[in-house]
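Here the structure is laid out as structure tokens; the discussion comes afterwards.
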There are 2 protein chains.
Amino acid sequence: MRLERICQKMSEKDYRLTPQRQVILKIFLDNMDRHLSAEEVYQLVKKEHPKIGLATVYRTLDLLAELDVLQKMNFGDGRSRYELSSDEDTHHHHHLICLRCQRVLEFEDDLLEELEDSIEARSGFKIVNHQVKFYGYCRDCQEAQTPRF
Amino acid sequence: MRLERICQKMSEKDYRLTPQRQVILKIFLDNMDRHLSAEEVYQLVKKEHPKIGLATVYRTLDLLAELDVLQKMNFGDGRSRYELSSDEDTHHHHHLICLRCQRVLEFEDDLLEELEDSIEARSGFKIVNHQVKFYGYCRDCQEAQTPRF
DNA sequence: CCCTTCATTGAAAATCATTTTCAATAGTGG
DNA sequence: CCACTATTGAAAATGATTTTCAATGAAGGG
Ligand SMILES: [Zn+2]
Ligand SMILES: [Zn+2]
Ligand SMILES: [Zn+2]
Ligand SMILES: [Zn+2]
């Protein structure tokens with residue numbers, strides 16, 4: 001999602017784009033390929049702006065997730081992770097989580113639209129978003145495959 | 001999954017089916033339609049077996065999830081939730097999470113197998129499991145629809 | 001400008017789910 | 001019955017997240 005659209009969303013709800021919020025947003029714009037935890041965002045932010053507080057990071061992440069600027073997700077490592085939402089029109093990607101090295105790969109795909117339509121038709125549930133995680137083994141780990149127990 | 005198969009899985013790995021573990025398992029067998037949190041399991045267990053400790057509940061849930069007897073999942077309410085795995089052969093269901101009433105509906109479907117095959121072919125990632133959550137509005141909430149802000 | 005108001009912030013304390021510690025208990029296999 | 005080890009319960013510890021609260025700072029009215 002582009003900065004312009006984000007500003008628009010914030011002002012629609014009368015939120016101010018404070019310097020702290022700008023800094024945190026920039027972290028996400030500069031790390032589009034990562035799935036950052038609050039603590040990771042905090043560490044990145046602190047490098048340039050040591051005065052910023054962890055609570056502000058948490059508050060900003062909440063706010064941006066509320067606005068759908070960020071997607072909040074859970075990869076089972078005990079902390080929430082966030083990434084920039086895609087634009088409204090593009091469909092968002094799925095996550096392939098390696099059970100051996102814990103790496104998170106992304107996978108672009110539209111096949112799920114079909115499934116969504118089918119679910120809406122059959123269940124009457126109106127879908128506005130989805131999260132899909134596939135667990136398995138990445139290419140490297142299939143080869144390296146050290147037994148796990 | 002049936003009790004017999006569960007016992008088998010436990011003895012394969014030399015875990016004992018202690019009375020505490022039996023009680024916790026029974027909770028899941030008696031509540032197949034629910035997605036229970038550790039605390040909820042603990043409350044249900046305590047009714048009949050007040051001596052059982054919360055730590056034992058957590059330990060047992062971990063153990064059973066490790067054995068794939070339980071599926072551990074996260075619906076964004078800050079705690080992990082668990083449900084009995086389906087049998088090896090049946091495909092497991094998806095979750096429809098209502099953004100208004102927070103209810104979790106289930107939806108049986110096989111369309112995802114296709115998608116899994118496509119992903120494996122295109123990415124080289126070997127998939128062993130998946131978790132799919134759809135967020136939206138259940139039938140009731142579409143009608144009732146009180147504005148949320 | 002000055003003042004009031006209200007959103008936002010940082011630091012510290014509090015909360016809450018989960019994990020760990022440790023001594024007590026209880027199967028198992030002689 | 002006697003080790004030996006897995007398991008348990010209670011309490012303490014941990015770690016992520018939230019709340020509290022006083023201080024800061026932007027915005028608007030006079
Ligand atoms: Zn891997
Ligand atoms: Zn992603
Ligand atoms: Zn609903
Ligand atoms: Zn379910």
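Any value given below was found using the heavy atoms of this structure, including those in side chains, with hydrogens, waters and symmetry copies removed. In what follows, chains carry the letters A, B, and so on, assigned in the order in which the sequence lines appear, proteins first and then strands, with residues in each chain numbered from 1.
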*Give a yes/no on whether any side-chain N or O of B/Tyr58 is located under 4.0 angstrom from OP1 or OP2 of C/dT19.*
no

*asked:* I'd like to know if B/Met1 and B/Met73 are part of one continuous hydrophobic network [Ile/Leu/Val/Met/Phe/Trp/Tyr, side-chain heavy atoms within less than 4.5 Å].
replied: no

*Rounded to whole angstroms, how far apart are CZ on B/Arg79 and C1' on C/dT19?*
17 Å

*asked:* Check this for me: B/Glu12, atom CD, are more than 12 non-hydrogen atoms of other residues, nucleotides or ligands nearer than 6.0 Å?
replied: yes

_Under 4.0 Å from OP1 or OP2 of C/dA17: is there any side-chain N or O of B/Ser80 that close?_
no

*Touch class at under 4.0 angstrom, heavy-atom based, for A/Arg21 against every strand present*: sugar-phosphate

*Gap between atoms OH and C1', on A/Tyr42 and C/dT9 respectively (whole Å)*: 13 Å

*What's the CG-P distance between A/Asp62 and C/dT9, to the nearest Å?*
13 Å

*Measure the distance from OH on B/Tyr15 to C1' on C/dA26 and round it to the nearest whole Å.*
19 Å

*asked:* Would you say B/Arg16 places a side-chain N or O within less than 4.0 Å of OP1 or OP2 belonging to C/dG27?
replied: no

_Between C1' on D/dT7 and CD1 on B/Ile24, what's the gap in Å once rounded to a whole number?_
12 Å

*Which part of the nucleic acid, if any, lies within reach of B/Gln20 when heavy atoms closer than 4.0 Å are counted: base, sugar-phosphate only, or nothing?*
sugar-phosphate

*According to a strict under-4.0 Å criterion, is A/Thr18 in side-chain N/O contact with OP1 or OP2 of D/dA26?*
no

_Please determine whether residues B/Met32 and B/Leu96 belong to a single hydrophobic cluster, defined as Ile, Leu, Val, Met, Phe, Trp and Tyr linked transitively by side-chain heavy-atom distances below 4.5 Å._
no

*Whole-Å gap separating P (D/dT17) and CG (A/Leu36)*: 13 Å

*Among D/dT17, C/dT18, C/dA12, the one nearest B/Ala38 by side-chain distance*: C/dT18

*asked:* Reading DNA chain C from 5' onward, which residue's closest nucleotide shows up sooner: A/Lys51 or B/Pro19?
replied: A/Lys51

*Check whether any side-chain N or O of A/Thr56 sits under 4.0 Å from OP1 or OP2 of C/dT9, and answer yes or no.*
no

*Please give, in whole Å, the distance from C/dA11 P to A/Arg59 CZ?*
11 Å

*Between A/Asp140 and A/Arg100, is a salt bridge (charged side-chain N to carboxylate O under 4.0 Å, His left out) present by the stated rule, with each step listed?*
CA-CA 10 Å; A/Asp140 293 349; A/Arg100 185 162 171 280; over 6 Å; no

*Is it true that a side-chain atom of A/Glu83 and a backbone atom of A/Asp33 form a donor plus acceptor pair closer than 3.5 Å?*
no

*Take the protein atom NE2 of A/His49 and the nucleotide atom C1' of C/dA11, then report the distance between them rounded to whole Å.*
19 Å

